[in-house]
Amino acid sequence: MLGQLQAARRADWADREVAVAAVTVQIHSRGLTDAETRLLELLCEGKTLREISAELHVTYGTVRNRTARIVDKLGAATLWQAVAMFKER
């Protein structure tokens, strides 16, 4: 019984690793630019779009447009789903 439980845990971990690898490949294969990747990193840190625009020295509209492209490239329904996908990579 214990052996089966350990085997199941290993399988779950392997499945998770495969899923994370798939998300990573998906993110890189979608062609995110360095600027889009940096924007996602800042969102993961909990920064607002206005804070990000100030930090990157771009307009709020530029940040908003980049977030729309990120959502589109990743095939996410929302920006927060795209952020979650990025965090899991």
Side-chain angles (χ1 to χ4, degrees):
M1 180 70 159
L2 182 59
Q4 291 174 331
L5 181 58
Q6 289 172 335
R9 285 184 180 156
R10 279 194 296 273
D12 288 344
W13 185 254
D15 289 344
R16 183 177 183 281
E17 286 179 346
V18 168
V20 169
V23 169
T24 301
V25 168
Q26 181 181 14
I27 286 171
H28 291 297
S29 70
R30 298 293 177 143
L32 291 181
T33 65
D34 290 340
E36 292 165 343
T37 301
R38 179 68 182 134
L39 196 152
L40 277 170
E41 289 169 348
L42 293 170
L43 285 169
C44 288
E45 293 174 12
K47 299 200 180 210
T48 67
L49 297 184
R50 294 224 182 263
E51 291 170 335
I52 292 169
S53 69
E55 184 166 328
L56 298 179
H57 306 289
V58 297
T59 66
Y60 175 81
T62 297
V63 173
R64 189 188 62 231
N65 291 338
R66 285 180 185 166
T67 59
R69 282 195 305 269
I70 289 167
V71 169
D72 186 52
K73 285 181 179 182
L74 296 181
T78 66
L79 176 59
W80 303 116
Q81 183 182 21
V83 170
M85 291 170 69
F86 183 76
K87 280 183 177 181
E88 290 179 0
R89 67 176 172 91

Heavy-atom side-chain proximity of Met85 to Leu40 below 4.5 angstrom: no

Euclidean distance, Thr67 OG1 relative to Asp72 CG, rounded to 0.5 Å: 11.5 Å

Separation between CD of Glu51 and CD of Glu45, rounded to the nearest 0.5 Å: 10.5 Å

Distance-minimising heavy-atom pair for Ala82 and Ala76: N-CB, 3.7 Å

CG on Leu74 to CG on Leu79, rounded to 0.5 Å: 10.0 Å

Student check: side-chain heavy atoms of Leu49 and Leu43 closer than 4.5 Å: yes

Cys44 vs Val83 side-chain heavy atoms within contact, under 4.5 Å: yes

Validation row: Glu41, Thr37 side chains within 4.5 angstrom (heavy atoms): yes

NZ on Lys47 to CG on Leu39, rounded to 0.5 Å: 11.5 Å

Point-to-point distance, once rounded to the nearest 0.5 Å, from CZ of Phe86 to CD1 of Ile70: 8.5 Å

Close side-chain approach of Arg66 to Leu56, heavy-atom, < 4.5 Å: yes

Interatomic distance, Ile52 atom CD1 to Arg64 atom CZ [nearest 0.5 angstrom]: 13.5 Å

